[in-house]
Amino acid sequence: MATGLLAATPSFIYIGEAVLGPRRLDPALTGAGAALAALGAVPIFTGTRRAVGLLQMPAAVIGCGSIVLLDLGTGNAAGTGLLYFSVPVLLAAVHLRLPGVIAVTAAALTGEAVVTLSLMPVADAALDLALVGSTLLLTAAACCR
C-alpha cells in the first residue's frame with residue numbers, strides 16, 4: 001500500500017505545481033503520466049502478497065515511465081522533477097535482487113536522460129545527468145541486498 005501511495009504522490013505534486021506555477025502544462029502528457037502511475041499502483045492495491053512481490057520490478061519501471069511523462073508534460077527538468085527518479089530506484093534497491101535493481105536503475109537513468117536532453121541545453125543536461133545519475137547509482141549500490 002505504501003508503494004502505491006509513493007507512486008501516486010508525484011502525479012498530484014506535478015499537476016499541482018504546473019497549475020499553480022509558471023510552467024506550461026501539456027494535458028496529454030500529464031494525463032498519460034498520471035494514468036501510468038495509476039496503472040503501476042493497481043497491482044499493489046489489488047494483488048495478493050505473492051503477486052505484489054512479482055510485480056514490484058514492473059511497477060518500478062512503469063513508475064520511471066510515469067515520471068518521464070509527468071516531467072515532459074509539466075516541462076519540469078529541475079531538481080524537483082528529477083528527484084522523483086530516486087523513488088523507483090530506492091524501492092528496487094530495498095526489495096529486489098541485483099538483476100531487478102540493475103533494470104530499474106537503467107530505466108531511471110534512461111528516463112532522466114530523455115527528460116534532461118529534451119528540456120535543457122545539452123551542457124546543462126549533461127551536468128544534471130551526471131549529478132542525479134551518480135546519486136541514483138550510489139543509492140542503488142548502497143541499498144542493494
Side-chain angles (χ1 to χ4, degrees), residues 1-45 47 52-145:
M1 184 143 178
T3 306
L5 294 174
L6 282 175
T9 300
S11 300
F12 297 122
I13 292 171
Y14 278 108
I15 294 167
E17 179 190 15
V19 169
L20 298 173
R23 291 191 185 91
R24 65 175 173 78
L25 176 65
D26 182 334
L29 286 173
T30 305
L36 201 56
L39 176 68
V42 165
I44 294 165
F45 285 118
V52 169
L54 293 173
L55 295 173
Q56 283 179 338
M57 192 199 51
V61 172
I62 288 171
C64 291
S66 171
I67 294 165
V68 168
L69 291 173
L70 288 165
D71 276 347
L72 294 176
T74 59
N76 188 357
T80 55
L82 299 177
L83 170 70
Y84 284 106
F85 282 110
S86 65
V87 174
V89 171
L90 185 58
L91 174 76
V94 170
H95 292 289
L96 301 177
R97 299 196 190 288
L98 185 59
V101 175
I102 291 170
V104 172
T105 304
L109 290 170
T110 302
E112 183 197 352
V114 167
V115 169
T116 56
L117 292 170
S118 297
L119 298 176
M120 302 173 81
V122 175
D124 293 339
L127 180 61
D128 277 8
L129 187 58
L131 291 172
V132 176
S134 62
T135 302
L136 293 177
L137 291 170
L138 179 62
T139 300
C143 296
C144 187
R145 56 184 190 145

J.: What donor-acceptor contacts under 3.5 angstrom involve side-chain atoms of residues 113-122, with partners at least two apart or in another chain?
T.:
unit_1, atom_1, unit_2, atom_2, d
Thr116, OG1, Glu112, O, 2.9
Thr116, OG1, Ala113, O, 3.4
Ser118, OG, Val114, O, 2.6

J.: Return the minimal non-hydrogen interatomic distance between Cys143 and Leu90, and the atom names on each side.
T.: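 So the two residues come closest at SG-CD1, 3.8 Å.
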
J.: Taking all atoms of both residues into account, what is the closest heavy-atom pair of Pro88 and Cys64, and its distance?
T.: CG-SG, 3.7 Å

J.: If the test is side-chain contact (heavy atoms from CB on, under 4.5 Å), which one of Leu131, Leu136, Asn76, Val132 qualifies with Leu82?
T.: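 It is Val132; the other options fail the test.
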
J.: Rounded to the nearest 0.5 Å, how far does CG of Asp124 lie from CG of Leu129?
T.: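 Those atoms lie 12.0 Å apart.
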
J.: Shortest non-hydrogen contact from Ala92 to Gly100?
T.: CB-O, 4.4 Å

J.: Which atom pair, heavy atoms only, marks the closest approach of Asp128 to Ala77?
T.: OD2-O, 3.8 Å

J.: Compare all side-chain heavy atoms of Val101 with those of Cys144 and state whether any distance is below 4.5 angstrom.
T.: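 Val101 reaches Cys144 side chain to side chain.
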
J.: Would you check if Val68 and Phe85 make a side-chain contact, meaning some heavy-atom pair closer than 4.5 Å?
T.: yes

J.: Whether the side chain of Ser66 engages the backbone of Ile62 through a donor-acceptor N/O pair (distance < 3.5 Å, no angle test) should be reported.
T.: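 Checking the backbone N and O of Ile62 against the side chain of Ser66, no donor-acceptor pair under 3.5 Å is found.
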
J.: Which atoms form the tightest heavy-atom contact between Val89 and Ala140, and what is the distance?
T.: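 Taking Val89 first and Ala140 second, the nearest heavy atoms are CG1-CB, 3.8 Å.
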
J.: Between Thr105 and Ile102 (side chain of the first, backbone of the second, donor and acceptor by atom type, cut-off under 3.5 Å), is there such a pair?
T.: no

J.: Would you give the length of the straight line joining atom CG of Leu109 to atom CG of Leu137, rounded to the nearest 0.5 angstrom?
T.: 5.0 Å

J.: Quick one: closest heavy-atom pair of Ala60 and Leu91, and the distance?
T.: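 Distance-wise, the nearest heavy atoms are CB-CD2, 4.2 Å.
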
